[in-house]
Structure formats: C-alpha cells, structure tokens
Amino acid sequence: MKTTLKAMFLAGTVLAIPGVVLADTVVCEPGNDGPATGAPIRVGGIFGNAAPGDFSSATRAASAYFACVNASGGIHGRPVEYGVENDQWNPELAAQAAAKLVEDQGVVALVGNASFVEMSVNASYYARNGVMVMASGCAVSECFESSNIVSTNQGPLASSVGAAMYAVEDLGATNIACIGLAIPSVGNWSCGAVESYMEAQGLRASSVLMNPGAPDVNSSLLEAIASGADSILVNLPAGLGIAFLGAAEQQALRDVYTWTSSTPLYDVSVPGALGSYWDGALYVNAELTPLDGEGEHARHWRAVMDDYGRTDDPRDTFSQAGYLSARFFTQLLSTMDPAEIDDRAAVTAAIQGIVGYESDLICGPYYVGVADRHMPNRAGTMVRVSDGGFEVVRECYEYEGPYFEPLIEAERALGLH
Amino acid sequence: MRILVSAGAYALAMAGIILGLSWGQPSNVVGMFLVSGLAVGSLYALGGIGLVVLYRATGVLNFANGAIGALGVMVAWQLVQWGWPGPLTWVLGIGLTTALSLGYGRLIGPGLAWRDPVVKAVATLGFALVVLGMTAFAWEDDVRRFALPTDNVAITILGLRVTVTRLVVVAAVIGIVVVIWAYLGRTRTGLQMRALANDRDLSALIGVPIVRVETVAWGISGVIAGFTGLMFGNLVRLEPTIITFMIIPSIAAAICGRLDNLALVLVGGLSMGVIESMLTLSPELRAVRPIAPFVIAALVLVWIQMGHRSVIGRDQQ
C-alpha cells in the first residue's frame with residue numbers, strides 16, 4: 001500500500017508540474033506526450049520483508065519503473081496502479097495477499113514478486129485463477145516449476161550451477177562441496193543440481209546443508225572439509241555466507257580450496273564485510289549483468305532508481321530483476337490491443353506468448369511460453385572480489401547440466417536455442 | 001561420594017556418545033569436531049551463566065538478555081563505522097546493555113516482584129520483543145561483520161585453529177563462574193543475594209535491602225549480557241534476530257545447571273556444544289542437530305525430577 005501511494009504521489013507530482021519534472025527526469029517507454037491519465041491498469045506485487053531478510057528491493061524497483069512509465073505517458077495513455085503487499089514470510093499472509101490482489105483488486109497480473117514463501121503457497125492459486133506472475137526474486141523450486149510464474153532472476157539452482165561450472169572450467173575443481181540451506185525445495189534442490197552437473201561431468205560433489213538459524217557454522221565447514229572436496233561453493237544468504245567465510249578465514253583455508261558462491265554474495269556491501277582476506281580469492285556468480293554495467297538498460301535502471309526510487313532503495317540484483325520484469329510487462333502491454341489490457345485472460349495469454357525479449361541486464365533472451373516450468377534466465381556472469389569491490393572475470397556464459405535439458409528443449413521449440 | 005558417582009556417570013556417558021558418533025572417523029577429524037563443539041558450547045554456557053546469575057538473586061528468568069546484547073553489539077558496530085576507537089565502542093555497548101538491564105530491573109521488575117516466576121519470565125519476553133523491534137527499526141537488514149583484534153591471532157588445538165576471541169570466551173566463562181562464586185560466598189551483597197534466592201519474604205522481614213541487592217544483580221546481568229552480545233556478534237554473526245534467539249539454547253544450558261549451579265551450567269553448555277558438533281559426523285543423526293540442546297535439557301530435567309527437585313518455581317517451594 002505504501003508503495004502504491006508512493007507511485008501515485010510521484011505520478012501526481014509529475015501531473016502538477018509536468019514541464020519541470022519531465023525536463024529533468026528520465027523517460028520510460030512507451031513514452032507518450034505528457035503524464036498518464038484515465039482509468040488505471042491494476043497490477044500487483046508481493047514481497048517478503050521481516051526477520052531474517054528483506055526481499056523488497058524488486059518491488060521497489062518495479063514501483064519506481066511504473067512511476068516513471070506513468071510520468072512518461074503511461075501505457076496507451078493510462079497509468080499503472082501498482083499495489084504491493086508484504087507477506088512477512090508468513091504463509092497465511094502470503095495467501096491473503098494473493099487473494100486481496102487477484103480477487104479484491106482484480107489485478108491483471110503480478111509483477112516483481114520476491115519471496116521465499118509466497119510462491120510456494122500461491123503457485124497453484126495463480127494457476128487456478130489464470131493469472132501470471134512476472135516475478136523477480138524466486139528462491140524456491142515451486143517458483144520455477146510452476147505454470148504461471150516466470151522470473152527474471154535465476155534463483156539458487158541456476159546460480160549455483162553457474163558457479164560450479166566456473167569452478168570446474170576455470171579453477172580446475174574436481175570435487176565440490178555445496179553449502180546450502182536446510183530448507184526444503186531450496187538447499188537440497190539447488191545443491192542437488194550441482195551434484196547432478198558434476199556427475200554428468202564425471203566429477204564429484206556433495207551437499208552440506210545448514211540450518212538457517214544455526215549458531216555453529218564451523219561444523220558445516222568441517223563437514224565440507226571431511227567430504228574430501230577441493231572446491232567449496234557457498235550457496236547461502238549473504239549474512240550466513242559471511243559467517244561461513246569468516247569461519248574459513250579463521251581456519252586459514254583461503255588457499256587450500258577454490259571458493260565460489262551463488263548470487264547472494266554479489267552485493268556491494270559484501271567485500272567490505274569480508275575484509276581484505278578474500279581479495280582475489282572469492283568468485284561470485286551474478287544472475288544478471290554487473291551492477292555497474294554500461295548497457296542501455298543498466299544505465300536506465302540506475303537513472304530510474306535515482307529519479308523515481310528512494311535514496312535508500314537497494315541497487316542490487318533483485319532491484320535489477322524488478323526493474324526488468326516491470327519493463328518487460330510494460331513492453332508487452334504497450335503492444336497489446338488497448339481494449340484487452342484490462343482482461344486478465346488476454347494479459348495472461350499475451351505473457352505466455354512472450355518470446356525473445358532482450359535486455360543488456362540479462363545474458364540471454366527472455367521468454368515465457370505455456371509450460372509447467374520456467375527459467376528463462378540461465379546464463380550469467382562471474383565476478384571476483386577485488387579491492388573492496390568486484391571485477392568481471394567471465395562474461396555471459398550459458399549454464400549446462402541435466403536440470404536444464406527440458407528447458408533447452410522448450411527453447412528449441414520456440415526457436416531460441 | 002554421590003557427586004563423584006554422578007561425575008563418573010556423566011564422563012562415561014559423554015565418552016560413549018563421542019565414541020559412538022565418531023566411530024570409524026580419523027582421529028584428527030574427531031579432534032577438530034570436538035574442539036569446534038567446545039567453542040560453540042562455551043557460547044551456550046556464557047549465555048546460560050548470564051541467566052542464572054540474575055535468576056538466583058531475583059527469581060527472574062530474563063528472556064531479554066539476547067535482545068539486549070544484540071542491541072549493545074549493534075551500537076558498538078555502528079560507532080566503529082563512525083570511526084570511534086574499538087575499545088570505547090565495546091565499553092559503550094556494554095554500558096548501554098547495563099543501563100537497559102538496570103532500567104528494567106528498577107522500573108518494571110519491582111512491580112512484578114511478587115508475581116509467579118512464569119509471569120516474570122513472560123514480561124521479559126515482552127521486553128525482548130520491544131528491544132528487538134527497536135533494533136530492527138534502527139538497522140535494516142544488511143550484511144555486516146563485527147570484528148575484534150583478537151580474531152587475527154589463533155592457536156591450533158587438535159588440528160583446529162582456535163582464535164584468541166574464542167579463547168577469551170572460554171576464559172571469560174570460567175572467570176565469571178569463579179568470580180560470581182567468590183562474590184556470592186565472600187561478600188555481604190553476595191550473602192544477601194543468596195538470602196533473597198532462598199526466601200524473598202523472610203529476607204525482607206530481616207532487613208535485607210531487596211531493591212539495592214536486586215539492582216546489583218540486574219547490573220551484573222546487564223554487563224554479562226553486553227559482553228555476551230559482543231561475543232555472539234563476532235563469533236555467531238551480526239544479525240540481531242539470531243543473537244536474540246541465542247537465548248533459547250542458553251536457557252537449555254541454564255536448565256542443565258538447574259538454574260542454580262554455575263559450574264553445571266558450564267558443563268551443560270560445553271556438553272551440548274560437543275554433542276551438537278559430533279552429530280554432524282553421523283549421516284543419520286545430522287538432521288537433528290538443531291534440537292540437540294533441547295533434547296539434552298529435557299533429559300536433564302527428567303533426571304532432576306527423578307530426584308524430586310523442581311527447577312522453575314524453586315522460590316515457591
């Protein structure tokens with residue numbers, strides 16, 4: 001609700017002084033003359049924010065993008081009314097949020113969703129109600145293995161496999177210990193895919209699953225050591241990942257193993273929290289292109305956040321993904337017949353028909369299709385912690401492994417592979 | 001004699017558990033897990049001792065110790081980010097936790113003095129949620145690390161590098177046990193605390209200055225909570241929620257000491273850490289690691305009840 005009000009406020013401000021604001025601020029496509037008017041197009045979004053984590057940056061970025069669209073003339077001249085709900089990591093609240101948006105507010109689609117909980121709870125609900133979710137922060141298997149959810153982010157599985165590929169191909173790893181969360185459909189799912197990838201390469205891997213609230217990260221580190229691995233892949237939320245690497249630092253293990261991580265450690269505050277010990281030794285997979293990228297959309301994302309977001313909105317991977325989902329959604333609706341954009345069934349069919357949308361924020365084409373699983377973003381970038389920041393060590397590369405084979409078949413059918 | 005028998009039974013049980021869980025593992029691996037478990041167990045013991053010190057004097061099982069400690073270490077971390085010298089930030093962090101503990105003990109504690117122990121404990125749970133809410137409001141979820149100079153120096157014990165920070169925790173736990181034992185046994189205030197713990201009504205009748213004695217206890221508890229928060233922030237991780245809920249295994253350690261005996265709290269905490277660590281070696285039992293402290297505490301409770309000793313509500317007997 002707060003985000004909706006913010007978007008409306010921003011749009012209202014632009015309405016009041018269009019000449020001044022439009023002259024100084026970034027423009028978002030489709031970019032008609034003057035601010036949007038008329039009946040709003042209702043769109044929803046659900047994020048999770050409560051201890052132990054805040055996943056709101058995706059919906060914040062989507063909100064900023066829609067505010068920009070509204071200020072730039074809207075979609076077919078109409079503004080987007082973006083209603084955002086917080087599931088607070090509570091399954092009951094997640095179900096209530098979806099029902100409120102889909103049934104009470106009648107949204108035509110959901111955009112920018114980011115949560116551990118929401119997708120697991122609501123995936124079948126979205127399918128039953130024929131509404132599509134263009135998510136941005138998927139982390140659980142149900143989010144990717146659902147007919148009505150498609151995300152611009154990769155999630156822990158693809159990102160971990162990407163990190164494992166780099167460890168094998170560039171760092172010479174032959175036996176990887178994947179450190180994941182002991183949460184069903186998260187740690188076992190993503191580290192299991194790493195094991196499958198390694199097995200397909202004729203190499204070895206094992207999973208070490210940690211309780212999210214465990215005070216003792218040493219035992220998991222020792223378990224990884226006992227596995228006989230020569231490479232350790234940290235597939236944990238940033239706070240826990242920092243603690244794990246701190247324990248490894250205490251044991252002076254930096255040079256004993258090669259170290260990779262999935263995306264959660266690709267955050268501007270991580271190098272500072274890690275300290276100089278890990279300089280040049282920790283390689284992190286980035287689900288989207290680098291945060292300081294110079295592509296057209298990368299620069300536009302930062303400009304939109306500067307002009308339409310709050311100064312304290314994170315500029316992180318989820319923010320990129322939220323921006324991108326909102327951008328693709330806007331791109332789609334602007335190509336639809338104006339008479340159909342309030343028809344949920346028509347919007348759902350149109351989203352399912354998306355093929356080959358491109359952006360410099362992701363390495364491959366974005367598509368949806370009618371399928372029981374979606375993971376369009378499965379190519380990424382590898383960066384290394386360096387001098388208090390990150391440097392790119394491998395540009396866009398496509399991930400391999402048994403898990404992706406059905407997806408590759410689907411891409412071939414769509415003429416994308 | 002009975003103590004010797006109990007100690008012997010305990011040593012045999014621990015040896016059996018360690019041998020059973022580590023059967024077939026190389027001795028160097030077992031040694032590393034053992035030392036790792038002792039390091040974590042010392043954290044449980046530290047938290048448990050802070051609880052027992054206050055409970056003995058006031059009858060309050062303070063669930064807010066973790067939240068207060070979390071706020072203290074977050075303030076210390078923030079001051080370091082602003083460029084304040086480390087030692088000063090530690091003192092100020094502990095000073096804040098002491099002030100919070102004293103504030104609760106003087107303003108809210110007396111109003112609950114004659115209520116059931118459970119009511120007193122639940123009141124501190126409310127205080128914990130208020131403090132945790134304030135901390136979450138002040139610091140958004142982000143990646144942080146609270147470093148100490150002692151992190152950079154380590155010695156190797158049974159193949160595992162142990163930082164001086166961890167050794168400080170072990171030394172502090174033993175030191176606190178000894179100092180509190182001496183304080184309770186050899187000072188007038190300590191005698192008055194023991195009198196309060198034994199019978200609050202009778203103590204009041206014979207002229208023990210209850211408010212003053214309890215204030216001292218709340219102050220000591222606040223100092224220990226502050227120190228514990230700094231150690232948890234460094235050795236566990238700098239996340240207020242995680243530090244706040246470290247109170248739960250700490251309570252399990254305190255129960256091992258019957259909320260009374262500091263030496264048993266130390267032994268209980270270390271034992272829980274070692275067993276929890278050793279469970280990692282068992283593929284079948286690895287998944288039950290998080291509940292190990294509570295299973296151990298439950299077994300200790302059953303053992304105590306077999307001897308017809310009540311734990312909570314001791315002051316109402």
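A, B, ... follow the sequence lines: proteins, then strands. Residue 1 opens every chain. These numbers come from a predicted model, not from an experiment.
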Open item on the list: With no hydrogens and no angle check, just 3.5 Å: does a side-chain donor-acceptor pair link A:Arg315 and A:Ser319?
Closed with: no
- [ ] Answer with yes or no whether the side chains of A:Ser159 and A:Thr263 bring together a donor and an acceptor at under 3.5 Å.
- [x] yes
- [ ] Please round to the nearest 0.5 Å and tell me the distance separating atom CG of A:Asn153 and atom CD of A:Glu287.
- [x] 5.0 Å
Open item on the list: So for atom CD, which belongs to A:Glu391, do other residues, nucleotides or ligands contribute more than 12 heavy atoms lying within a distance under 6.0 Å?
Closed with: yes
Task: chain B contact via A:Leu274 - side chain, backbone, both or neither, heavy atoms under 4.5 Å - done: backbone
Open item on the list: If you define the side chain from C-beta out and look only at heavy atoms, does anything of B:Leu148 sit under 4.5 Å from B:Trp90?
Closed with: yes
Task: Which atom of A:Phe47 lies closest to which atom of A:Phe55, heavy atoms considered - done: CB-O, 3.8 Å
- [ ] Heavy-atom distances under 4.5 Å only: say whether A:Ala252 touches chain B with side chain, backbone, both or neither.
- [x] both
TODO: With chain A as the partner chain, list the residues of residues 35-45 of chain B whose heavy atoms fall under 4.5 Å from it, by residue number, and write 'none' if nothing qualifies.
DONE: B:Ser36, B:Val40, B:Tyr44
- [ ] Heavy-atom distances under 4.5 Å only: say whether A:Leu222 touches chain B with side chain, backbone, both or neither.
- [x] both
TODO: Would you indicate whether B:Gln81, at its atom CD, is surrounded by more than 12 heavy atoms from other residues, nucleotides or ligands within a distance under 6.0 Å?
DONE: yes
TODO: Check B:Gly257 against B:Leu264 and note the closest heavy-atom contact, atom names and distance.
DONE: CA-CB, 3.6 Å
TODO: Under 4.5 Å heavy-atom distance to chain A, tell me which part of B:Met246 shows up: side chain, backbone, both or neither.
DONE: side chain
Open item on the list: I'd like to know if the side chain of A:Asn49 pairs up with that of A:Ser56 as donor and acceptor (distance under 3.5 Å, no hydrogens or angles considered).
Closed with: no
Open item on the list: Please output the residues of residues 162-170 of chain B in contact with chain A, using a heavy-atom cutoff of under 4.5 Å, in numerical order.
Closed with: B:Thr163, B:Arg166
Task: Non-hydrogen side-chain atoms of A:Pro290 and A:Tyr266 separated by less than 4.5 Å - done: yes
Open item on the list: Closer than 4.0 angstrom, basic N to acidic O: yes or no for A:Asp279 and A:Arg254?
Closed with: no
